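I have placed the structure first, in the form of C-alpha cells, so that the comments after it can refer back to it.
Note that these values count all heavy atoms, side chains included, but never hydrogens, waters or copies made by symmetry. Please read these numbers as outputs of a predicted model, since none were measured by experiment.
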Amino acid sequence: MAAKSNSSVQSPVIGSWTFDSNGCEETYHFSADGIRTVTANQEVVKARYQLRALRPQQGLYLITDTVISDNGKPDCSGDTSVMTGDTVQLLMRFQESPKRFSFCFDDALLGCVGPFIHND
C-alpha cells in the first residue's frame, strides 16, 4: 500500500487566525492558493507561503514564507521596516481545543510566539 502524500492532506493553516500582541491585534489570513495576508496595527503584508508536514501527528509543520508586498506602516511593535522580498522558515506547532498554533524558532519548541487562535 502506498503512503499518502502530504499534498493530499488538508492544510491545517487555511483560514484566519488572531494573536493579541500587548493589546494590539495581529490577524493572519492563510488562503488555499498559498497567499498569506497579515494586518497588524497599520501594517499590511502579503506573502507567498508553503507548508510542509514534519510530524503532523504532533502538529508540527515547517512554513516557508516569502513577502511579496509590505506597506511599510507601523506594526504592533511600532516597527516600520519593509520586508518585501524577505524569505523566512519557521516551525508551526498546531494544537486543538481551541484550534491554535504558535510560530517556533527552534527545534526544541521553546522559542515560540503565540498562540494564534483560529477565527473561522
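Every pair passing salt bridge (charged side-chain N to carboxylate O under 4.0 Å, His left out) that includes a residue from residues 57-84 is listed here, sequence neighbours excluded: Arg36-Asp65. Applying the salt bridge (charged side-chain N to carboxylate O under 4.0 Å, His left out) test to every pair with at least one member in residues 82-99, sequence neighbours left out, gives no pairs at all. The disulfide bond (SG atoms under 2.5 Å apart) contacts involving residues 18-102 comprise Cys24-Cys76, where partners must be two or more places apart or lie in separate chains. Every pair tested for side chain to side chain donor-acceptor pair (under 3.5 Å) that includes a residue from residues 37-46 fails, sequence neighbours excluded, so the list is empty. Here ring pair (Phe, Tyr, Trp, His ring centres under 6.0 Å) pairs that include residues 67-90, with residues two or more places apart or in two chains, number zero. Applying the disulfide bond (SG atoms under 2.5 Å apart) test to pairs two or more places apart or on separate chains, those with a residue in residues 84-117 are Cys104-Cys112. For the salt bridge (charged side-chain N to carboxylate O under 4.0 Å, His left out) condition, no pair includes a residue of residues 107-119, sequence neighbours left out.
Checked against side-chain contact (heavy atoms from CB on, under 4.5 Å), Ala108 has the following partners two or more places apart in sequence or in another chain: Asp106, Leu110. Qualifying side-chain contact (heavy atoms from CB on, under 4.5 Å) partners for Asp33, counting only residues two or more places apart in sequence or in other chains: Ser31, Ile35. With sequence neighbours excluded, no residue satisfies side chain to side chain donor-acceptor pair (under 3.5 Å) with Ser21. In terms of the side chain to side chain donor-acceptor pair (under 3.5 Å) criterion, Thr84 has no residue partners (sequence neighbours excluded).
Between Phe103 and Tyr28, the distance from one ring center to the other falls under 6.0 angstrom.
Two residues are said to be in side-chain contact when any heavy atoms from C-beta on lie closer than 4.5 Å; Val38 and Thr27 fail this criterion.
Between the side chains of Gln89 and Thr64, at least one donor-acceptor pair of N or O atoms lies under 3.5 Å.
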N/O donor to acceptor pairs below 3.5 angstrom from side-chain atoms of residues 53-60, sequence neighbours left out:
unit_1	atom_1	unit_2	atom_2	d
Arg55	NE	Gln58	OE1	2.6

